[in-house]
Visitor: 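I have a structure I would like to understand better, so I am pasting it below and will then ask my questions one at a time.
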Amino acid sequence: MHTTHYNPEIVQFIDVLADTGSHYRIDEMEGLYIDDLAFLVLTREGEVARLSKAQMLGEFTSRRDAGEPPLSTEKRILHIEEQGDQATEVLYRHMSPQADPALYELRLRKIDGHWRVAGETVMPWPDLEQAKGFLPPRTKEWPLAAA
């Protein structure tokens with residue numbers, strides 16, 4: 001893990017985000033996401049479901065109100081790409097032994113000096129031992145550029 005090379009403000013924001021959401025602190029979660037949040041989830045049918053901020057917070061609220069135990073804060077930062085007041089973060093997240101691990105892409109925006117989630121995409125974590133890669137192996141040599 002190369003977090004020492006990442007902006008410590010973003011790393012700290014991710015820690016706060018995971019802890020806040022995992023413990024269903026809805027009032028605090030409200031301030032971590034922008035109002036027009038796009039929360040995208042890959043469904044079992046292979047479709048993408050788009051949830052609004054209200055829908056996403058509603059799910060966490062209903063879990064809290066039902067007395068669900070806190071979620072695990074287990075996570076691993078895989079990459080952070082920062083460009084000015086925007087950043088994209090790729091994260092491994094596993095919230096419970098009863099849930100599959102997931103690959104998260106967080107699209108962050110710095111507003112009034114504070115990082116906020118503008119978008120979030122959640123996909124199943126791949127079985128890396130079985131993964132073939134997104135491109136097939138080359139069948140022909142690629143010529144090197146002439147010096």
Side-chain angles (χ1 to χ4, degrees), residues 1-139 142:
M1 188 163 68
H2 304 286
T3 56
T4 56
H5 300 296
Y6 299 139
N7 180 337
E9 288 179 6
I10 295 175
V11 172
Q12 181 182 13
F13 176 77
I14 293 164
D15 288 344
V16 168
L17 183 68
D19 188 68
T20 303
S22 293
H23 292 93
Y24 311 119
R25 295 193 305 266
I26 305 306
D27 289 342
E28 291 175 50
M29 287 178 72
E30 179 78 37
L32 299 177
Y33 295 88
I34 68 170
D35 288 339
D36 61 347
L37 170 74
F39 190 94
L40 308 174
V41 180
L42 183 65
T43 68
R44 291 178 189 249
E45 296 76 30
E47 303 289 326
V48 174
R50 185 186 193 284
L51 303 175
S52 67
K53 178 179 178 178
Q55 290 170 313
M56 184 271 298
L57 290 176
E59 174 64 26
F60 281 80
T61 300
S62 69
R63 286 175 175 269
R64 179 200 63 196
D65 293 352
E68 290 287 335
L71 301 168
S72 168
T73 58
E74 180 184 353
K75 66 188 173 320
R76 186 169 68 243
I77 296 171
L78 302 173
H79 184 71
I80 297 175
E81 189 82 25
E82 185 179 359
Q83 297 173 325
D85 65 350
Q86 296 187 37
T88 301
E89 183 268 336
V90 180
L91 179 74
Y92 166 90
R93 187 92 165 84
H94 194 198
M95 295 192 195
S96 166
Q98 291 77 37
D100 293 327
L103 178 69
Y104 277 70
E105 179 200 49
L106 300 177
R107 294 170 303 283
L108 307 179
R109 196 177 307 153
K110 198 169 202 178
I111 300 171
D112 297 327
H114 301 284
W115 290 103
R116 300 292 175 252
V117 180
E120 195 165 323
T121 303
V122 183
M123 297 171 283
W125 182 257
D127 178 352
L128 297 176
E129 291 184 14
Q130 301 297 319
K132 296 178 183 177
F134 72 97
L135 287 174
R138 288 185 179 270
T139 59
W142 182 258

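Not measured: the values here are computed from a predicted model.
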Visitor: Taking atom CZ as the centre, does Arg107 end up with more than 12 heavy-atom neighbours from other residues, nucleotides or ligands that are less than 6.0 angstrom away?
Guide: yes

Visitor: Any side-chain heavy atom of Ile80 sitting closer than 4.5 Å to one from Asn7?
Guide: no

Visitor: Under a 4.5 Å cut-off applied to non-hydrogen side-chain atoms, are Trp115 and Leu32 in contact?
Guide: no

Visitor: With heavy-atom distances below 4.5 Å as the criterion, would you say the side chains of Leu106 and Thr121 are in contact?
Guide: no

Visitor: Would Val117 and Ile34 satisfy side chain to side chain contact (heavy atoms under 4.5 Å, CB included), going step by step from the backbone distance to the final call?
Guide: CA-CA 6 Å; Val117 180; Ile34 68 170; over 6 Å; no

Visitor: Give a yes or no answer on whether the side chain of Tyr104 reaches the backbone of Lys75 with a donor-acceptor pair at less than 3.5 Å.
Guide: no

Visitor: Which heavy atom of Ala38 sits nearest a heavy atom of Arg50, and at what distance?
Guide: CB-NH2, 3.4 Å

Visitor: What's the spacing between Ile10 CD1 and Thr88 OG1 if we round to 0.5 Å?
Guide: 9.5 Å

Visitor: Evaluate the side-chain proximity of Leu103 to Val90: yes if any heavy-atom separation is below 4.5 Å, no if none is.
Guide: yes

Visitor: Could you list all the side chain to side chain donor-acceptor pair (under 3.5 Å) pairs where at least one residue sits in residues 53-62, not counting sequence neighbours?
Guide: Glu30-Lys53, Asp35-Lys53, Ser52-Gln55, Glu59-Arg63

Visitor: Start with the C-alpha gap between Val122 and Leu42, add the side-chain angles, then the distance that decides, and say whether side chain to side chain contact (heavy atoms under 4.5 Å, CB included) holds.
Guide: CA-CA 6 Å; Val122 183; Leu42 183 65; over 6 Å; no

Visitor: Are more than 12 heavy atoms from other residues, nucleotides or ligands located less than 6.0 Å from atom CG of Asp27?
Guide: no

Visitor: Indicate the atoms forming the closest heavy-atom contact of Ala18 with Thr73, along with that distance.
Guide: O-CG2, 4.0 Å

Visitor: Are the side chains of Phe13 and Asp15 in contact, using a 4.5 Å heavy-atom criterion?
Guide: no

Visitor: For Ser96 and Ser72, work out which heavy atoms get closest and say how close.
Guide: N-CB, 4.4 Å

Visitor: Are Leu108 and Gln86 packed together at the side-chain level, in the sense that at least one heavy-atom pair is separated by less than 4.5 angstrom?
Guide: no

Visitor: Check whether any side-chain N or O of Thr43 sits under 3.5 Å from a backbone N or O of Val48 as a donor-acceptor pair, and report yes or no.
Guide: no

Visitor: How close do Ala118 and Arg109 get, heavy atom to heavy atom, and via which atoms?
Guide: CB-NH2, 3.5 Å

Visitor: Tell me the ring pair (Phe, Tyr, Trp, His ring centres under 6.0 Å) pairs involving residues 80-102, sequence neighbours left out?
Guide: Tyr92-Trp125

Visitor: Sorted by first residue and then second, give each salt bridge (Lys or Arg N to Asp or Glu O under 4.0 Å) pair with at least one member in residues 81-98; sequence neighbours left out.
Guide: none

Visitor: Is there side-chain contact between His23 and Arg64, with heavy atoms separated by less than 4.5 Å?
Guide: no

Visitor: How far does OH of Tyr24 sit from CG of Leu71, to the nearest 0.5 angstrom?
Guide: 3.5 Å

Visitor: Is any side-chain heavy atom of Arg25 closer than 4.5 Å to one of Asp19?
Guide: yes

Visitor: Testing the basics here: between Leu78 and Tyr6, what is the closest heavy-atom pair and its distance to 0.1 Å?
Guide: O-OH, 3.3 Å

